[in-house]
Amino acid sequence: MAEKQHLYLVDGSAYIFRAYHRLPPLTDPEGTPVGAVYGYTTMLWKLAEDLDKAEGPTHLAVILDKSSHSFRNDIYPEYKANRPPPPDDLVPQFPLIRDATRAFSLSCIEEQGLEADDLIASYARAAAAQNWDVTIVSSDKDLMQLISEGDDSRGRIDMLDTMKNQRISLPEVADKFGVTPDLVGDVLALMGDSVDNIPGIFGVGPKTATKLIQEHGSLTAALDAAADMKKSKLKERLIEHRADAELSRILVALKEDCDLPMAMDDFKLDGVPVEPLAAFLQKHGFTSLLRRLDAGSGSPDRANDLNPAKPATAADVGDSEGNRQAVPDMPAIDRSAYECVQDMDTLNRWIARCEAARVIAVDTETSALDSMQADLVGISLAVAPNEACYIPLAHGGTDLLAETPQQIGLQDALAALRPVLTNDAILKIGQNIKYDLNVLARYDVDVTPVDDTMIISFALDAGRGEAGIGGGHGMDELSVRHLGHSPLSFKDVCGTGKKQIPFGEVPLDRATEYAAEDADVTWRLHKHMKPRLAIEGGTTVYERVDRPLVPVVAQMERHGIKVDRAALSRLSEEFATRMAALEGEIHGEADQEFTIGSPKQLGEILFDKMGYKGGRKGKSGQYSTDQAMLEKLAEQGATIATKVLEWRQLSKLKSTYTDALQAAINPKTGRVHTSYSLTGAQTGRLSSTDPNLQNIPIRTEIGRQIRTAFVADTGNVLLAADYSQIELRLAAHMADVPSLKEAFAAGEDIHARTAKEMYGEVTRDTRAQAKTINFAILYGISRWGLAGRLGVEADEAQAMIDRYFERFPGIQRYIAETLESVRELGYSQTLFGRKTWFPRINSKNGAERQGSERAAINAPIQGTSADIIKRAMVRMMPALTEADLGHVRMLLQVHDELVFELPEGDVEAAKPIIEKVMADAAMPAVTLDVPLGIEIGSGTDWGAAH
DNA sequence: GATGTCACG
DNA sequence: GACGTACGTGACATCA
């Protein structure tokens with residue numbers, strides 16, 4: 001029986017616009033811009049790879065727009081009239097798209113007077129009618145009208161968004177439009193489309209459009225129903241703009257009966273001849289693809305297609321993500337090449353290889369995830385691609401019945417490895433090496449010097465991920481992205497859930513494959529990514545800030561901080577008692593028992609049963625019961641709301657702090673050891689987990705009690721030093737605002753100064769408003785956001801923003817310049833050169849784009865602040881040691897604050913040193929126009945140190 | 001696993 | 001005009 005035919009229709013024109021905006025401005029050896037062409041080529045490559053797959057194409061054609069004029073312009077001259085002309089460096093790429101298509105020996109269809117959408121629609125319907133399956137390669141929402149399931153005699157039609165690697169079929173359409181494909185046109189006609197200049201109904205967006213069609217079943221029915229609606233803006237608009245909607249319906253309809261310029265059978269795929277493709281790749285300098293082609297085809301006279309024998313790799317996907325460095329030539333991963341080291345002679349041979357290699361990857365395998373509790377189970381090393389080994393040290397130890405495999409004694413092995421691991425001339429590469437540093441430090445091995453592929457990736461690509469692709473810096477992700485290889489996963493080896501076994505019980509052959517592969521992959525990633533630092537300008541931040549910070553933070557984690565278990569326990573009990581009392585009162589007011597902690601149940605009690613006013617929200621259809629809402633209800637006199645608020649606060653404090661922190665005390669050290677992530681925050685800040693010690697309560701009196709449970713060891717005190725208003729100071733410097741700079745130089749109250757500038761006088765009210773506005777500026781302002789915060793109308797908020805910009809003109813310029821630069825380059829930068837990428841800064845989705853804009857305004861400020869405190873952290877211990885204060889311990893970092901533990905008698909000596917290191921941390925790389933103010937306090941607990 | 005909520009800078 | 005309109009995080013409880 002013949003296989004079912006599957007036609008792929010590639011929406012080429014739409015694709016190149018997206019590729020153009022997503023890719024860096026590459027040029028070929030002749031200087032012709034080819035960024036979009038490159039993206040297009042890699043996409044065709046990926047499609048060609050799927051040739052033999054179940055869902056892959058048997059037939060394929062590329063459809064292009066021939067001209068900007070179509071029959072729609074005859075109906076409606078304004079159609080697509082507000083489109084800007086394509087960018088200058090995109091224009092010359094249009095003809096190259098056809099070249100690329102031809103290079104793959106694919107058919108290219110375009111017709112005068114017809115848009116690509118119409119040709120796609122006509123081919124799709126025709127193919128489905130003769131029972132072919134159809135996949136439209138596009139993400140254009142107009143084309144979603146065509147999607148259908150198919151049946152015995154009709155093929156199915158779906159879509160594929162190659163950039164998001166997402167199939168779009170009925171469920172996705174339902175998610176997006178809330179209706180079936182045959183009604184998508186009706187929804188589109190109501191909402192209009194600003195890009196194509198389709199009017200729709202003024203004031204109706206996607207939400208409203210969907211709702212109307214869902215309720216009434218069709219556009220006509222919805223428009224007819226307007227007359228009977230209760231009086232509203234919407235009603236007026238539906239009636240007034242009825243003609244617009246009807247015109248829009250015609251414009252969004254796809255013409256499904258065009259003459260087909262070429263027979264579908266001609267689209268048959270028979271492999272891709274190598275020669276023309278190679279010539280094309282060569283001409284435009286797409287070397288990584290060219291190499292793949294060579295590798296895949298073996299000898300040129302043998303295989304002559306691009307079949308999955310050698311898939312185009314994620315190296316190419318990586319390139320399409322903007323990583324311009326080609327993958328260095330490395331042999332494919334071969335797990336059978338790894339060696340399991342079970343005797344001293346073999347280990348000594350590997351040690352010699354490490355000494356010769358000078359650059360080695362190291363990975364430790366342990367019994368747990370927590371580096372402060374985990375026991376060492378084995379170590380793997382890699383010295384070159386496929387040259388890797390695993391040294392088991394504690395396998396079979398926990399399962400008494402199993403025979404313990406032969407392995408070198410742990411102490412003997414560490415003694416032999418120590419010279420390598422501590423040798424200044426041998427670079428140790430790790431993926432998240434802070435973990436290995438902490439584990440090995442507990443066995444008295446201080447590993448140095450180190451490089452970290454996770455942090456290198458962060459320096460290069462922070463923020464670069466997109467929904468569905470993943471932009472993380474984990475090893476598996478990096479390996480797939482840069483090496484085109486999926487390493488064995490931990491769960492492949494150890495299982496998952498109840499069946500999970502400790503790594504020490506994994507058989508040695510399997511353990512060797514897994515562990516040595518991790519070291520091998522890490523080594524390769526380093527080889528691939530490290531050179532990019534210099535090329536892409538990441539060296540300074542990586543070498544001067546993040547890399548030296550790794551051992552510093554590792555040391556802080558190992559120090560941990562003492563918490564007073566008894567004090568936490570007392571608080572827990574106190575909270576529990578008060579919660580129980582509140583619970584009774586709340587149930588009494590509700591006249592029934594329910595789960596107060598369930599927002600769903602609480603919402604139903606408050607709004608359905610008790611009848612308070614408040615709206616539903618979101619797609620989940622749940623009532624909002626958050627703090628703001630409950631406070632509103634409390635103002636209306638709802639005592640139950642006040643009680644729920646108090647209950648919530650206690651519940652939060654108890655579960656997240658007083659209970660959890662007791663459980664987090666390490667039984668061996670008696671202290672709490674957080675884990676800091678150096679790649680957790682896109683802006684360059686650290687984040688803290690397990691437990692998070694960066695969000696210990698301080699803002700309320702009751703929460704503050706928890707801080708007092710963080711205590712100094714006997715005879716010591718805690719010293720807290722924080723930067724005062726650092727982000728506002730940086731904003732004053734970066735935006736060059738004279739009056740703010742003067743105020744900081746003079747040590748004035750900055751919010752008061754702002755109030756004076758804005759309102760002419762400083763009162764409690766104007767100062768509070770000024771403070772809100774100052775923060776709004778840092779976070780990327782919008783009139784609605786400010787209005788919401790200040791409780792004023794948007795107009796009034798806008799007037800305040802205007803006033804602010806007038807008084808502090810540099811701010812407006814800073815915002816404009818920052819956005820302009822991010823739109824052009826794709827990333828923002830801190831004063832020290834740290835990049836954060838914003839792939840959605842030019843998104844057509846307004847909410848998404850504006851969200852990116854706000855984040856992009858904030859990132860340089862928040863990121864510079866992070867750079868500064870990190871520089872201070874790197875310099876801190878050397879400076880203290882210099883002053884014979886090497887025994888002072890730096891314990892915590894909370895974004896703008898450092899916490900130390902030291903003998904009470906040393907406080908006065910340490911203060912000026914800590915202050916100076918922090919205040920001077922930007923120098924000499926950057927000289928700020930504003931002083932960095934430091935506030936220092938000390939006491940026997942963290943609360944008292946503030 | 002997603003969602004809602006809330007702790008911090 | 002929508003987006004319950006601010007930036008950056010992590011943890012917990014509930015519920016499907």
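All values below were derived from every heavy atom in this structure, side-chain atoms included, with hydrogens, water molecules and symmetry-related copies excluded. Lettering of chains follows the sequences in order, A, B, ..., and the numbering in each one begins at 1.
Note on A/S688: only backbone sugar-phosphate atoms sit closer than 4.0 angstrom, heavy atoms only; bases stay farther off. Note on A/Q682: only backbone sugar-phosphate atoms sit closer than 4.0 angstrom, heavy atoms only; bases stay farther off. Among the heavy atoms of the strands, none lies under 4.0 Å from A/R783. Residue A/I696 is classed as a sugar-phosphate contact, given heavy-atom separations below 4.0 Å to backbone atoms only. Residue A/E727 is out of contact with every strand shown, counting any heavy-atom pair closer than 4.0 Å. Across all strands, A/D722 comes closer than 4.0 Å to no nucleic acid atom at all (heavy-atom distances). Heavy atoms of A/G597 sit under 4.0 angstrom from primed sugar atoms or phosphate atoms, though from no base atom. Residue contacts for A/S782: at a heavy-atom cut-off of 4.0 Å it reaches a base atom on one of the strands shown.
Side chains of A/D461 and A/H473: a donor-acceptor N/O pair is absent below 3.5 angstrom, by distance only. Defined by atom type and a distance below 3.5 Å, a donor-acceptor pair is present between the side-chain atoms of A/D659 and A/S572.
Taking 3.5 Å as the limit, the base of B/dG4 and the side chain of A/R648 contain no donor-acceptor pair of atoms between them. Counting atom types as modelled, A/R789 pairs a side-chain N or O with a base atom of C/dA6 as donor and acceptor under 3.5 Å. Donor-acceptor pairing under 3.5 Å, judged by distance alone, is present between the side chain of A/K652 and the base of B/dC6. Under 3.5 Å, the side chain of A/S598 and the base of C/dT14 form no donor-acceptor pair of N or O atoms.
In this structure, C/dC3 forms no base pair with any nucleotide, since neither Watson-Crick nor G-U wobble geometry is met with both distances under 3.5 Å.
Comparing A/K632 and A/G203 by the nucleotide of DNA chain C whose heavy atom lies nearest to each, the residue mapping closer to the 5' end is A/G203.
Among the nucleotides B/dA7, B/dG9, C/dA6, the one closest to any side-chain atom of A/Q649 is B/dA7. Nearest nucleotide to the side chain of A/K207, out of C/dC3, B/dA7, C/dG1: C/dC3. Here the nucleotide nearest the side chain of A/N695, chosen from C/dA16, C/dG10, C/dG8, is C/dG10. Proximity note for A/S624 (side chain, C-beta onward) versus B/dA7, C/dG10, C/dG4: the nearest is C/dG4. The A/A855 side chain lies nearest to C/dG8 when the options are C/dG8, B/dA7, C/dC3.
Note: CD (A/Q850) to P (C/dG4) measures 12 Å, nearest angstrom.
In this structure the side chain of A/F710 reaches within 4.5 angstrom of the side chain of A/L661, judged on heavy atoms.
In this pair, A/Y623 and A/F607 present their aromatic rings tilted. The plane angle is within the 30 to 60° band.
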